[in-house]
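Every chain is numbered from 1 and lettered A, B, ... according to where its sequence line falls, protein lines coming before strand lines.
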Amino acid sequence: MVIENQIKASVTKAIKELYGADIAPESVQLQLTRKDMKGDYTIVVFPLMKVSKKNPVETGNELGQFLQSDCSDIAGFEVIKGFLNVQLSDAYWLGELNKESGNQAIGMIEAKSDSPLVMIEYSSPNTNKPLHLGHIRNNLLGYSLSRIVTANGNRVVKTNIVNDRGIHICKSMLAWKKWGEGQTPESTGKKGDHLVGDYYVKFDQEFKKEQAELMANGSTKEDAEANSALMKEAREMLLKWEAQDPEVYALWKQMNNWVYKGFDITYKTMGVDFDKIYYESDTYKVGRDMVIEGLNKEVFYRQEDNSVWADLQKDGLDEKLLLRSDGTSVYMTQDIGTAKLRYDDYDIDKMVYVVGNEQNYHFKVLAILLDRLGLNWGKDLVHFSYGMVELPEGKMKSREGTVVDADDLMQAMVDTARDMSKELGKLEGYSEEDAEKVYKTIALGALKYFILKVDPRKNMTFDPKESIDFNGNTGPFIQYTYARIQSIGRKANEKGFTSPDKVELSVELSAKEVQLQKMISNFSAVVKEAGNVYSPAVIANYVYDLAKEFNQFYHDSPIVVEEDTAKRDMRLLLCRNVAAVIKNGMWMLGIDVPERM
RNA sequence: GGUCCAGUAGCUCAGUUGGAUAGAGCAAUAGCCUUCUAAGCUAUGGGUCGUGGGUUCGAAUCCCGCCUGGAUCACCA
């Protein structure tokens, strides 16, 4: 904010004139005053005692007096212990209010054609089972990040790498072939991803059965695993797939398509999308070529058994396998290939991978390898590393059936939102269809906010009971605040009050009103911060605080019913700006706000 | 064992470029709807900020040791 620089400059000047010392304006410790104290900005006096050679209170008072006469926006000050609290004039805050008047894009910077291009990868599902709670966190974080990065004035490409090949999908295919009796999503009425997931589970069950039988007949665990006929069949299927055996390939395509159709529904419900989707079946060969190229350039080396490695010891890491001795590729190879394709497709300035923190090591290695292979953004790639989602009873385990399915969860949230809304008697006069849209907005708002408000780096506990709560620090609370403001706008219109563009600078402001305007003025700094540290949680917490603040203001300040025209205008404009900030903040979280709820 | 991350109220979480009396929500208790949406507002109780040292005018925040939990160090993805 401009005012901050002004105050810092003024403090610098004061130090020069009062104590004859030179200090750098940036060294002035300036912060927003604690909410429970009087004042707007606080200057920490302690560091200045060295040059003032006086005690903190004296220094503070002298400084305060100087500032008040030097800076016209400063209306008063107060020194408490070693802190100089400066109070800005109402006129200053009203000026700030007028400045953002009618700005729907408040807090957002528009990208230009030469703005940095940021590619964000998220979601990255396997095609052998439906999406679950862990994927939800990934998708919501990725999508929100894309919005935050956009709001910071960058061009953004959202991308998804689909892990569509490998032994896991062969397991589902094999199980379907053996026991599926030709079932399809159409014949069963099941979502394709769930149907395929069922066969993945089926494979595992049959495999376990087989293992138990082998061990009952005297095999050791190791032998049983080595002699598994099922596993052998799955591996053979993978080889056939790699050789593009027509039958296997056709089945693979068919089952993957079922899954994609299912995923599309889930993504749509979740409200996320992608600009460009990559498939591992297209990228793994490119990766192999890249590794061979690196081998020729002697960036990598080949061992006697024909496997290819990267030596990372001078980077403080180990050696890393890139191609198996049989020439097939590993995970790392595929990521190199995907990176190469993206590099060719887009003029990427920055690449962000939204992937769980269990892969920290992988991305550290990937960054080094891409750099060695000459991809300019490789070294600076961002691994947006987020923590796991745990349930109150511990980790999700598919074997124990404790995995929370994404579709089920979202459906349950919508049902709860509907019940709650009907019970509260809201949305009377809405058509069934419109009401249903609002239920969905609230349900998804609750889920998204619940997940995004937590610092992404941390593991989080997901308690279904809590997530479905719509009171307190929740998405619906914020949505409700927005709807409330919209309602005020409608009431004002009914009474014929046009929302003003400018308010008079002579209006007196209450502490709450100043506080609200202060928060609005701070919004763009919050957006910047969120962009710098890649954290939707920063936005989430800010928007919550703002909504909380607004509700307090709302509670004891008449708005539409205020008789004083100037005051009413000021409050109406304040409402409008708060609404715009809430809407934009929520947009950055990928959460919609309803006009009524 | 090496590396990385985390530990804050009964529960879920904020707060770390060092600043004032560590904040919210949930849960509990007590209030507020014949003026703008009560999915709201107000009040009360609840803390050795894992632990022991250190640096400093000042430490939840920085440094070192230790304890606890998690991740990772695969010719798995």
Side-chain angles (χ1 to χ4, degrees), chain A residues 29 31 33-37 42 44-47 49 56 80-83 85 124 126 163 165-168 280 303 305-309 316-318 320-332 334-335 356-362 364-365 385 387-388 390 392 395 417 420-421 423-426 442 446 450 453-455 457-463 465-467 469-481 483-492 494-495 537-538 540-542 544-545 547-548 550-562 571 575 596-597:
Chain A
Q29 285 195 42
Q31 50 202 239
T33 302
R34 285 170 52 124
K35 241 167 75 179
D36 49 339
M37 298 286 201
T42 294
V44 185
V45 183
F46 293 109
M49 284 161 59
I80 295 171
K81 296 183 185 173
F83 301 92
N85 295 334
S124 315
N126 289 349
N163 186 1
R165 51 150 240 130
I167 194 76
H168 50 85
E280 222 172 77
Q303 276 193 358
D305 66 357
N306 218 30
S307 56
V308 178
W309 297 75
L317 301 174
D318 227 333
K320 187 78 189 173
L321 176 85
L322 298 175
L323 287 178
R324 296 192 187 100
S325 46
D326 63 4
T328 57
S329 51
V330 293
Y331 181 35
M332 188 60 78
Q334 293 156 10
D335 259 358
N357 61 11
E358 70 272 13
Q359 293 190 29
N360 287 354
Y361 181 74
H362 174 81
K364 222 157 134 185
V365 173
S385 160
M388 282 191 306
E390 287 164 17
K395 282 184 196 163
M420 184 99 61
S421 204
E423 196 183 312
L424 290 170
K426 310 270 179 169
I442 295 168
F450 187 85
K453 74 174 173 186
V454 181
D455 183 342
R457 293 172 321 184
K458 293 187 180 174
N459 289 358
M460 66 173 290
T461 306
F462 184 89
D463 188 340
K465 284 197 294 284
E466 257 181 68
S467 71
D469 196 346
F470 296 165
N471 302 315
N473 188 356
T474 65
F477 168 85
I478 298 165
Q479 291 173 319
Y480 175 76
T481 307
R484 232 179 186 183
I485 298 175
Q486 296 313 99
S487 170
I488 291 170
R490 287 190 295 270
K491 281 270 152 59
E494 279 168 26
K495 293 206 172 194
V538 169
N541 288 311
Y542 167 85
Y544 170 70
D545 287 341
K548 180 106 189 121
F550 178 83
N551 279 323
Q552 290 165 3
F553 157 72
Y554 173 90
H555 188 259
D556 42 40
S557 308
I559 300 163
V560 177
V561 291
E562 171 62 49
R571 287 182 183 156
C575 283
R596 259 185 73 178
M597 69 181 270

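- The residue Ser557(A) sits close to a base: some heavy atom pair falls under 4.0 Å.
- Each of rA77(B), rG7(B), rA20(B) was ranked by its minimum atom distance to the side chain of Lys81(A); first place goes to rA20(B).
- For the C1' atom pair drawn from rG7(B) and rA39(B), the interatomic distance equals 33 Å after rounding to whole Å.
- Taking atom P on both rU56(B) and rG18(B), the two are 16 Å apart, rounded to the nearest angstrom.
- Across all strands, Glu562(A) comes closer than 4.0 Å to no nucleic acid atom at all (heavy-atom distances).
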Handout entry: Phe83(A) and Arg34(A): CA distance, side-chain angles, deciding distance, side-chain contact (heavy atoms from CB on, under 4.5 Å) verdict
Key = CA-CA 11 Å; Phe83(A) 301 92; Arg34(A) 285 170 52 124; over 6 Å; no

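- In this structure, of rU37(B), rC41(B), rC57(B), it is rC57(B) that holds the atom nearest to the side chain of Phe46(A).
- The CZ atom of Phe470(A) sits 8.0 Å away from the CE atom of Met597(A) when rounded to the nearest 0.5 Å.
- Protein atom CD of Glu358(A) is 13 Å distant from nucleotide atom C1' of rC76(B), rounded to whole Å.
- Looking at the side chain of Gln334(A), the nearest of the listed nucleotides rC41(B), rA77(B), rA71(B) is rA77(B).
- As rounded to whole Å, 16 Å separates atom P of rG2(B) from atom OH of Tyr361(A).
- With rounding to whole Å, Glu390(A) atom CD is found 14 Å from rG7(B) atom P.
- Interface remark: the Asn85(A) side chain does form a donor-acceptor pair with the rA20(B) base, using a distance-only criterion of under 3.5 Å.
- In RNA chain B, runs of at least 3 stacked Watson-Crick or G-U pairs (N1-N3 plus N6-O4 or O6-N4, or N1-O2 plus O6-N3, all under 3.5 Å) give these stems: B:1-7 with B:67-73, B:10-13 with B:23-26, B:28-32 with B:40-44, B:50-54 with B:62-66.
- Using a 4.0 Å heavy-atom distance criterion, Thr461(A) is classed as a sugar-phosphate-only contact.
- Between the CD atom in Glu280(A) and the OG atom in Ser124(A) there is a gap of 9.5 Å [rounded to 0.5 Å].
- An anti base is found at rC49(B): its glycosidic angle is more than 90° from 0.
- Backbone-only engagement by Phe477(A) is indicated by non-hydrogen atom pairs under 4.0 Å involving sugar-phosphate atoms exclusively.
- With distances taken from any side-chain atom of Phe470(A) to the nucleotides rA14(B), rC36(B), rA39(B), the minimum falls on rA39(B).
- Within 3.5 Å, no donor on the side chain of Thr481(A) pairs with an acceptor on the base of rA39(B), nor the reverse.
- With 3.5 Å as the limit, one finds no donor-acceptor pair spanning the side chains of Asn306(A) and Ser325(A).
- Residue Asn360(A) has its side chain nearest to rC4(B) when only rA39(B), rC4(B), rA71(B) are considered.
- Between the CG atom of Asn459(A) and the P atom of rU68(B) there is a distance of 19 Å, given to the nearest Å.
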Practice task
Go through Phe450(A) and Phe462(A) one step at a time and tell me if the ring pair (Phe, Tyr, Trp, His ring centres under 6.0 Å) criterion holds.
Solution key: CA-CA 9 Å; Phe450(A) 187 85; Phe462(A) 184 89; 5.3 Å; yes

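- At the heavy-atom level, Ser385(A) lies nowhere under 4.0 Å from the strands shown.
- Between Ile488(A) atom CD1 and rG40(B) atom C1' there is a gap of 12 Å when expressed in whole angstrom units.
- Nearest-nucleotide mapping onto RNA chain B: of Gln552(A) and Arg484(A), the residue sitting toward the 5' end is Arg484(A).
- rC76(B) atom P lies 16 Å from atom CG of Asp335(A), rounded to whole Å.
- Using a 4.0 Å heavy-atom criterion, one finds that Val44(A) contacts the bases of the nucleic acid, with or without backbone contacts as well.
- Taking the six-membered ring wherever Trp is involved, the centroid distance between the rings of Phe550(A) and Phe553(A) falls below 6.0 Å.
- In this structure, Met460(A) places its CE atom 19 Å from P of rG70(B), rounding to the nearest Å.
- For rA77(B), the OP1/OP2 oxygens have a side-chain nitrogen or oxygen of Arg324(A) closer than 4.0 Å.
- Among the atoms of the strands shown, only primed sugar atoms or phosphate atoms (P, OP1, OP2) are found under 4.0 Å from some heavy atom of Val330(A).
- Distance Arg165(A) CZ to rC76(B) P: 12 Å, rounded to the nearest Å.
- Comparing rG19(B), rC41(B), rU72(B) by their closest approach to the side chain of Phe83(A) singles out rG19(B).
- Shown here is Lys465(A), whose NZ atom has no more than 12 heavy atoms of other residues, nucleotides or ligands within 6.0 Å.
- Stacking of the aromatic ring of Tyr480(A) onto the base of rG40(B) is not found under the criterion of centres within 5.5 Å and planes under 30°.
- The residue Asp463(A) sits apart from the nucleic acid: no heavy atom pair falls under 4.0 Å.
- At the heavy-atom level, Leu323(A) lies nowhere under 4.0 Å from the strands shown.
- Across the C1' atoms, rC41(B) and rU48(B) are found 34 Å apart, a figure rounded to whole Å.
- Nucleotides rA59(B) and rU51(B) have their C1' atoms positioned 15 Å apart, rounded to a whole Å.
- Closest to the side chain of Asn126(A), from the set rA77(B), rA39(B), rU35(B), is rA77(B).
- Residue-level contact check: Glu280(A) touches the backbone only, with heavy atoms under 4.0 Å from sugar-phosphate atoms and none from bases.
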Handout entry: Under 4.0 Å protein heavy-atom contacts per nucleotide of nucleotides 22-27 of chain B, with B for base, S for backbone only and - for none
Key = -SSSS-

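- No contact: Lys320(A) has no heavy atom under 4.0 Å from any strand.
- With both ends at atom P, the span from rU8(B) to rG1(B) equals 24 Å, rounded to whole Å.
- The side chain of Met37(A) approaches rA20(B) more closely than any other nucleotide in the set rA39(B), rA20(B), rU37(B).
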